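Remember, predicted model here, so these are calculated numbers, not experimental data. Every chain is numbered from 1, with letters handed out A, B, ... down the list of sequences.
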Amino acid sequence: MAKVLTPRSESYAQWYNDLVIKAGLAENSAVRGCMVIKPYGYAIWEKMQRVLDDKFKETGHQNAYFPLFIPKSFFSKEADHVEGFAKECAVVTHYRLKNNPDGPGVVVDPEAKLEEEYIVRPTSETIIWNTYKDWIQSYRDLPIKINQWANVVRWEMRTRLFLRTAEFLWQEGHTAHATKEEAIEESETMLKVYADFAESYMAMPVLQGYKTASERFAGAVETLTIEALMQDGKALQSGTSHFLGQNFAKVFDVKYQSKEGKEEYVWATSWGVSTRLMGALIMAHSDDNGLVLPPKLAPIQVVIVPIYRKDEELKQVVEKADEIAAELKKLGISVKVDDDDNHKPGWKFAQYELQGVPLRIAIGPRDIQNGTVELARRDTLTKEVIPVDGIGAHITELMDEIQNSIYQRAINFRKENTRTVDTYDEFKKVLDDKGGFIMAHWDGTEETEEKIKQETKATIRCLPLNGPKEPGKCMVTGKPSERMVVFARAY
RNA sequence: CGGGGUAUAGCACAGUCCGGUUAGUGUACCUGCUUUGGGAGCAGGGGGUCGCAGGUUCGAAUCCUGCUACCCCGACCA
């Protein structure tokens with residue numbers, strides 16, 4: 001079989017790129033750093049969105065929408081926030097074009113310069129907190145729990161499809177609370193929502209934990225993260241939830257009057273996941289034949305490929321295929337019958353493997369006679385011949401099994417690639433030879449963290465919520481360490 | 001932003017060094033026939049401002065100058 005993807009062993013990065021393009025997920029656009037998300041890729045994103053959106057609503061959030069543009073002055077209020085985002089902002093300076101007086105085309109009309117520039121949002125804390133100021137007077141107005149589905153722009157130097165693009169799609173939750181405790185609880189709740197989504201739907205195990213000060217979101221008091229391990233041993237930050245303290249309330253002057261009549265600043269959180277999750281999904285499960293999708297997020301869960309020689313056979317086979325499809329659809333399974341005559345079965349088999357369809361049914365004249373179908377699993381690439389009778393129950397069960405099986409595989413991979421080290425030499429050796437998550441003691445200082453980053457390119461991914469808490473000695477300085485933290489090279 | 005590279009059909013490339021028929025190959029596309037249980041075969045066909053702008057020349061994809069875009073490696077980042 002002709003391989004259309006660069007094998008992972010040859011170049012993981014090239015494999016990733018090939019896969020995204022060949023599976024029809026996305027492609028580079030005419031705009032630098034911005035991708036076109038193609039229908040199949042967008043269908044997967046839509047499935048993610050639906051599940052997440054339901055979870056947000058179950059946890060008491062509502063959707064709303066705020067402007068794409070943020071006045072420059074809003075942006076400059078929170079010092080850390082400016083520091084974090086200033087270097088990657090797209091800025092709108094004019095509002096009109098005119099015909100080029102010196103030749104063809106159009107030019108920016110210099111007379112249409114804006115009094116105050118607009119920033120294209122890299123994140124929406126500032127415009128939202130400026131709005132919340134008008135919405136909040138009393139403790140009765142709290143909490144406010146809003147989510148927004150939007151696009152944001154961060155002018156990145158180097159981009160990669162889904163993993164880092166100049167424009168990306170995401171959701172950002174922004175909540176306002178009367179108490180610190182309530183805000184912290186909110187940020188923890190939403191991290192759990194993300195972790196549960198990653199594990200139960202994406203079949204991707206994640207570490208939950210706190211970011212160190214240097215890795216924290218610009219303007220946050222505390223950043224919680226979910227960190228996933230990719231097949232090449234690099235970590236991918238897959239979602240973050242921030243406790244923002246009163247930082248934004250103070251700079252936007254958002255106060256409420258408490259039951260006791262006292263004026264207090266409001267406490268804040270924000271949290272988000274982006275189309276980067278698509279990259280995570282791809283790198284968590286896929287192989288050299290293409291995408292491997294968990295059934296719960298697959299736009300097509302079962303594809304039926306008819307096999308035939310003559311027109312009469314085609315008619316018979318498609319009739320049976322439609323029958324099976326109808327039965328499966330009744331069970332809530334998304335099915336595609338591919339009766340396209342332009343491609344031979346072999347081509348279709350390869351194509352659906354490339355696109356990660358979890359189950360494939362082939363049905364031909366032989367099956368019609370025997371009352372059977374051939375059923376192929378994408379995750380294991382195994383095939384079995386099963387009776388048509390009871391196929392609905394069989395497939396329902398099998399989809400659960402696939403969902404579990406790829407999750408287990410990912411858990412095992414992470415287990416095998418999570419190592420504990422005591423010395424810096426050992427640390428460097430493991431990092432270069434194996435990669436993966438490395439648990440090690442760290443003295444808690446930014447200097448040591450920075451030194452390790454400079455020397456090894458590894459960063460502290462998180463201080464895990466569920467990790468061991470025994471004290472020890474820092475692997476670099478030998479100074480006392482409260483606990484081990486998780487290091488990795490990351491995307 | 002620094003270092004390196006590339007730009008020729010939808011896509012992947014050859015041709016450029018050493019200027020010279022109608023710019024070629026694979027794939028994809030269209031038509032027809034034969035095929036269809038792991039990426040089919042044959043025949044015919046359509047598709048090109050050779051990145052852009054100048055220059056040299058009888059003649060430029062090819063030589064010269066300038067520009068632009070993209071890719072890779074670094075620094076920056078979800």
Side-chain angles (χ1 to χ4, degrees), chain A residues 1-6 11 13-14 17-18 21-22 27-34 83-89 103-104 122-123 152-172 194 211 214-218 220 223 225-228 235-242 270-280 289-290 305-311 313-314 317 338-354 360-370 372-376 381 383 385 453-454 457 459 461 490-491:
Chain A
M1 184 168 66
K3 296 284 180 192
V4 294
L5 304 181
T6 304
S11 165
Q14 192 57 50
N17 241 335
D18 287 355
I21 289 164
K22 299 277 169 57
E27 61 191 28
N28 281 308
S29 71
V31 183
R32 191 205 74 100
C34 297
E83 172 74 24
F85 289 106
K87 281 178 283 185
E88 51 186 39
C89 283
T123 180
V152 288
V153 169
R154 297 181 189 175
W155 212 263
E156 301 288 354
M157 290 303 191
R158 277 183 68 192
T159 59
R160 291 190 66 192
L161 293 168
F162 289 121
L163 296 173
R164 179 166 295 108
T165 46
E167 178 193 15
F168 57 93
L169 306 184
W170 77 346
Q171 60 67 217
E172 45 181 329
Y194 288 154
K211 284 291 189 189
S214 68
E215 297 276 329
R216 224 171 258 157
F217 174 76
T223 288
T225 179
I226 54 170
E227 297 282 326
L236 183 72
Q237 179 175 312
S238 305
T240 46
S241 180
H242 316 290
S270 69
W271 29 273
V273 293
S274 71
T275 36
R276 181 176 240 207
L277 287 180
M278 293 287 294
N289 291 327
V305 178
I307 314 281
Y308 55 92
R309 284 194 187 76
K310 309 178 194 92
D311 280 354
E313 285 179 352
L314 173 63
V317 164
D338 187 356
D339 58 358
D340 179 3
D341 193 37
N342 288 334
H343 295 295
K344 288 183 62 178
W347 190 92
K348 293 178 184 174
F349 294 168
Q351 189 60 26
Y352 291 111
E353 272 165 22
L354 192 54
R360 182 186 72 231
I361 293 172
I363 174 164
R366 213 154 67 205
D367 295 304
I368 301 279
Q369 278 204 329
N370 301 337
T372 57
V373 297
E374 182 189 82
L375 185 60
L381 294 169
K383 292 191 276 202
V385 174
K453 185 178 173 182
Q454 288 305 321
K457 289 183 188 167
T459 49
R461 300 320 301 159
Y491 276 96

Using a heavy-atom cut-off of under 4.0 Å over every strand shown, decide if [X] touches base, sugar-phosphate, or nothing.
{"X": "A:Leu314", "value": "nothing"}
{"X": "A:Phe168", "value": "base"}
{"X": "A:Lys87", "value": "nothing"}
{"X": "A:Arg160", "value": "nothing"}
{"X": "A:Thr165", "value": "base"}
{"X": "A:Lys457", "value": "sugar-phosphate"}
{"X": "A:Gln237", "value": "sugar-phosphate"}
{"X": "A:Pro306", "value": "nothing"}

Subject >> Set of residues satisfying salt bridge (charged side-chain N to carboxylate O under 4.0 Å, His left out) with respect to A:Asp338, sequence neighbours excluded >> reply: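 For A:Asp338 the salt bridge (charged side-chain N to carboxylate O under 4.0 Å, His left out) partners, ignoring immediate neighbours, are A:Lys348.
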
Which of the following nucleotides, [options], is nearest to the side chain of [X]?
{"X": "A:Glu156", "options": "B:U36, B:G38, B:C76", "value": "B:C76"}
{"X": "A:Trp347", "options": "B:G39, B:C1, B:G37", "value": "B:G39"}
{"X": "A:Glu374", "options": "B:C1, B:U36, B:G37", "value": "B:G37"}
{"X": "A:Glu353", "options": "B:G38, B:G37, B:C76", "value": "B:G38"}
{"X": "A:His343", "options": "B:C29, B:U36, B:A75", "value": "B:C29"}
{"X": "A:Arg366", "options": "B:U36, B:G38, B:G37", "value": "B:G37"}

When you compare [N] with [M], how far apart are their [atom1] atoms, in angstrom units rounded to a whole number?
{"N": "B:U62", "M": "B:G55", "atom1": "C1'", "value": "15 Å"}
{"N": "B:C42", "M": "B:U25", "atom1": "P", "value": "15 Å"}
{"N": "B:C76", "M": "B:U6", "atom1": "C1'", "value": "25 Å"}

Original post:
Between A:Phe349 and A:Val305, is any pair of side-chain heavy atoms under 4.5 Å apart?
Top reply: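 Result yes, sub-4.5 Å side-chain heavy-atom pair found.
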
Subject >> Residue pair A:Gly279 / A:Leu236: nearest heavy atoms and the distance that separates them >> reply: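 Result for this residue pair: C-CD2, 4.5 Å.
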
Original post:
Between A:Arg461 and A:Thr459, is any side-chain donor less than 3.5 angstrom from a side-chain acceptor?
Top reply: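 Present: a donor and an acceptor within the cut-off.
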
Original post:
Does any N or O in the side chain of A:Glu374 come within less than 3.5 Å of the main-chain N or O of A:Ile361, such that one atom is a donor and the other an acceptor?
Top reply: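 Judged by distance alone, no pair lies under 3.5 Å.
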
**OP:** Inspect the contact between A:Glu353 and A:Arg360 and indicate whether a charged nitrogen and a carboxylate oxygen are less than 4.0 angstrom apart.
**Re:**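 Salt bridge between A:Arg360 and A:Glu353, a charged N being under 4.0 Å from a carboxylate O: yes.
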
Subject >> Intra- and interstrand pairs of RNA chain B - dot-bracket, Watson-Crick/G-U under 3.5 Å, | marks other strand >> reply: (((((((..((((......[...)))).((((((.....)))))).....(((((..]....))))))))))))....

